[in-house]
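To start, the structure under review is shown below, and the notes come after it.
We name chains A, B, ... by the order of the sequence lines, and we start the count at 1 in each one. Keep in mind that what you see is a predicted model, and the values were worked out from it rather than measured.
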Amino acid sequence: MNILDDLQWRGLIQESTDIDALRKHLDGDDRVTFYVGFDPTGASLHVGHLVQVLTARRLQRAGLRPLLLVGGATGQIGDPKETSERVLNPPEVVAGWVSRIQEQVRPFVDMAGDNAATLVNNLDWTGAMSAVDFLRDVGKHFSVNRMLARDVVKARLEAGISFTEFSYQLLQGNDYYELFTRHGCTLQFGGSDQWGNITAGVDYVRRRGAGPVHAFVTPLVTKADGTKFGKTEGGGVWLDPTLTSPYAFYQFWINAADRDIAGYLRYFSFRSHEEILRLEKATEERPAAREAQRALAAELTTLVHGEAESAQAIAASSALFGRGELTDLAEPTLAAALREAGVVETAEPLSVAALFKESGLAQSLSEARRAVKEGGAYVNNVRVTDAEAPLSDDQFLYGRLAVLRRGKKTIAGVIRP
RNA sequence: GGCGCGUUGCCCGAGUGGCCAAUGGGAGUGGACUGUAAAUCCAUCGGCUUUGCCUACGCAGGUUCGAAUCCUGCACGCGCCA
């Protein structure tokens, strides 16, 4: 089975340019170079980007040569979104995000060998381009009529769109041409929201007399219940461990719905087709065992955060969600689990509400009080009734540890020195 | 440039002088049921030193005992005319 068959089996190809032509191209003798781009719109990528990162990894493992582009130029412009104009980020901020994201994607690919990956930045060829060059060399090949027909642009004609964002597509299109001429890149992929930009690039490369080049897009990861993928209690799920702890990352996958897990396995797992089919069957037959969720959570936490962090996240999860009594856990085990989940360390006799706020379990004191009022706040698995009372000495296990819980599955700890 | 209309809480969207921290839906949060799942039902959903106070209905001023609601100016968007 070749890589294209694998990607199709996994449902990773939603749309593509002529698939037979691409297949022939991949079957040819020459090593194919591909690129995928990430715009630095924040300090870290999130789980939604993981599909792209991992697809790049798959392609490299299949022998293709990856160019990972982090958009130092496009990130300063902003891809138009349907709702409203973006606020421009200062260039030095974007530059900082570029290097962070470059470091973030690097471990997912092999930087050595015959098909070593290369990190590229479109600021390198876009930054120095003059306005005249841009308008003559690039702009001449784009039809405003066609750009206006795009759904995003149509949506924005009502709300308003700046020339800056309108022009975004030209930069991305030009990236493909530059990577073709500089690196011989003949394949681009991205998320399905990039289809318009990507095909514009393919067309542009042809108009410049280069190519032919190919492209495909991966589907948007969805959830069966219609809510947005990659959101969890109070925020996104980031790849950066300082923004989303390995424990929280692991918990995110553990909590995947049964109806979604089969699709996630295909998108995200590097297990064999047989193993994936076996896990799908396990979910069907014994959903309560969550075998597929556990397998995927462990695999991805290891891949993203490493073996050691993954092992700790798993240990913490089984300690905190085990059926036994908290006091059955040895002090070091409990302390480590709480540290994974997030702790507030204090000697102050803070109220339960304050502890919930400090630990991040609640955003404000009001929210913490509300949680108590609604019966959703627990200390050591015992429901709290008084939000203002500080913890008593006997609530500290081993004299120094207390387990805070909000709802069924959000846990934090209190440690006093 | 002129005239008209619009700008409401995370999103959509009611509200035309006091009964408005503001109807309804979605998202979020909690409870019940479960399997750290889904569906369903119920509750909740600005903040705080929480029987009260503060901040909020594009921005800035004004009228009024009292304004999201009226007036003026400004910004932005939409439409028509030039």
Side-chain angles (χ1 to χ4, degrees), chain A residues 80-87 153-162 165 222-237 245 247-265 279-280 282-298 301 313-324 326 337 340-341 350-354 356-379 381-390 403-412:
Chain A
K81 54 177 180 178
E82 294 226 348
T83 44
S84 58
E85 186 83 7
R86 293 176 192 275
V87 178
V153 175
K154 267 196 271 184
R156 287 288 296 280
L157 288 177
E158 279 288 304
I161 180 170
S162 67
E165 286 191 9
T222 56
K223 296 210 295 175
D225 65 9
T227 56
K228 203 171 174 190
F229 170 79
K231 291 279 178 197
T232 184
E233 55 276 343
V237 180
S245 71
Y247 164 82
F249 184 84
Y250 178 82
Q251 281 290 315
F252 169 74
W253 295 103
I254 281 291
N255 278 297
D258 299 343
R259 279 193 290 169
D260 293 324
I261 192 68
Y264 293 174
L265 281 168
L279 288 168
E280 287 179 9
T283 295
E284 218 169 286
E285 291 171 354
R286 299 176 303 280
R290 297 168 169 273
E291 190 181 346
Q293 279 93 334
R294 283 176 213 285
L296 186 63
T301 307
I314 293 168
S317 294
S318 77
L320 297 174
F321 288 100
R323 297 188 184 267
L326 287 172
E340 280 294 309
L350 296 176
S351 68
V352 169
F356 267 63
K357 187 189 166 197
E358 291 305 314
S359 65
L361 250 31
Q363 301 255 315
S364 64
L365 283 179
S366 294
E367 192 179 305
R369 291 185 184 114
R370 199 181 300 131
V372 171
K373 196 170 70 189
E374 293 171 348
Y378 307 79
V379 171
N381 294 335
V382 177
R383 186 172 278 175
V384 174
T385 50
D386 184 356
E388 309 305 330
V403 181
L404 305 179
R405 176 157 61 90
R406 167 128 189 234
K408 264 187 294 193
K409 49 195 175 194
T410 318
I411 290 175

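Side chains of A:S245 and A:E340: no donor on one and acceptor on the other come within 3.5 Å.
Between the CG atom of A:L350 and the P atom of B:U49 there is a distance of 12 Å, rounded to whole Å. In this structure, A:L361 places its CG atom 18 Å from P of B:G28, rounding to the nearest Å. What separates CZ of A:R369 from C1' of B:U49 is a distance of 8 Å, to the nearest Å. One can place CD of A:E367 at 7 Å from P of B:G47, the figure rounded to the nearest angstrom. Put simply, CZ on A:F356 is 10 Å from P on B:G30, counting in whole angstrom units. For the pair A:Q363 CD and B:C48 P, the computed distance is 11 Å after rounding to whole Å. Rounded to whole angstrom, the span from the CD atom of A:E388 across to the P atom of B:U49 amounts to 8 Å.
Comparing A:G407 and A:K228 along RNA chain B, the residue whose closest nucleotide (by nearest heavy atom) sits nearer the 5' end is A:K228. Residue A:A371 is the one, among A:A371 and A:S317, whose nearest nucleotide of RNA chain B lies closer to the 5' end (criterion: closest heavy atom).
No more than 12 heavy-atom neighbours from other residues, nucleotides or ligands sit within 6.0 angstrom of NZ on A:K228.
In this view, A:E358 and A:V344, A:L350 satisfy the side chain to side chain contact (heavy atoms under 4.5 Å, CB included) rule, not counting sequence neighbours. In this view, A:T222 satisfies the side chain to side chain contact (heavy atoms under 4.5 Å, CB included) rule with no residue, not counting sequence neighbours.
OP1 or OP2 of B:G47 sits under 4.0 Å from a side-chain N or O of A:S364. Contact check, A:Y247 against B:U36: no side-chain N or O comes under 4.0 Å of OP1 or OP2.
The partner of B:U16, taking Watson-Crick or G-U wobble pairs whose two distances both stay under 3.5 Å, does not exist in any strand shown. Across all strands shown, B:U23 has no partner, as no Watson-Crick or G-U wobble contact with both distances under 3.5 Å is found. If you check B:C33 for Watson-Crick or wobble pairing at under 3.5 angstrom, you find it has no partner at all. Pair check for B:C78 finds B:G4; Watson-Crick or G-U wobble, both atom distances under 3.5 Å. Remark: B:A56 base-pairs with no nucleotide; criterion is Watson-Crick or G-U wobble with both hydrogen-bond distances under 3.5 Å. In this structure, B:C70 and B:G62 make a Watson-Crick or G-U wobble pair, each of the two defining distances being under 3.5 angstrom. For B:U50, there is no paired base (Watson-Crick or G-U wobble, both distances below 3.5 Å). The partner of B:G28, taking Watson-Crick or G-U wobble pairs whose two distances both stay under 3.5 Å, is B:U44.
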Quiz item: Stepwise, does the side-chain contact (heavy atoms from CB on, under 4.5 Å) test hold for A:K409 with A:F321?
Solution: CA-CA 8 Å; A:K409 49 195 175 194; A:F321 288 100; 4.0 Å; yes
Self-check item: Stepwise salt bridge (charged side-chain N to carboxylate O under 4.0 Å, His left out) test for A:E367 and A:K357
Solution: CA-CA 8 Å; A:E367 192 179 305; A:K357 187 189 166 197; over 6 Å; no
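Residue contacts for A:R383: at a heavy-atom cut-off of 4.0 Å it reaches the sugar-phosphate backbone alone, with no base atom in range. Nucleic acid contact class of A:Y250 (heavy atoms, under 4.0 Å, all strands): none.
Straight-line distance between the C1' atoms of B:C12 and B:G17: roughly 27 Å, to the nearest whole Å. B:C11 and B:C59 have their P atoms separated by 14 Å, given to the nearest Å. Across the C1' atoms, B:U69 and B:A21 are found 15 Å apart, a figure rounded to whole Å. Between the C1' atoms of B:C53 and B:G28, the separation comes to 27 Å (whole Å). Here the separation of B:G25 from B:U8, taken at their C1' atoms, is 15 Å to the nearest Å. With C1' as the reference atom, B:C70 and B:C76 are 23 Å apart, rounded to whole Å. Of the P atoms belonging to B:U49 and B:A43, the separation is 28 Å, rounded to the nearest Å. A gap of 15 Å separates the C1' atoms of B:A75 and B:G61, to the nearest Å.
Taking the six-membered ring where the residue is Trp, A:W253 and A:Y264 present perpendicular rings, their angle passing 60° and hence far from 30°.
Comparing atom distances between the A:A288 side chain and each of B:U36, B:U50, B:G35 picks out B:G35 as nearest.
When atom types are taken as modelled, the side chain of A:R290 and the backbone of A:I254 share a donor-acceptor pair closer than 3.5 angstrom.
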Quiz item: Using a cut-off of 4.0 Å between protein heavy atoms and nucleotide atoms, how would you tag nucleotides 37-44 of chain B 5' to 3' with B, S and -?
Solution: BSS----S
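Partner of A:R405 under the side-chain contact (heavy atoms from CB on, under 4.5 Å) criterion, out of A:N381, A:T410, A:L320, A:V382: A:N381 alone.
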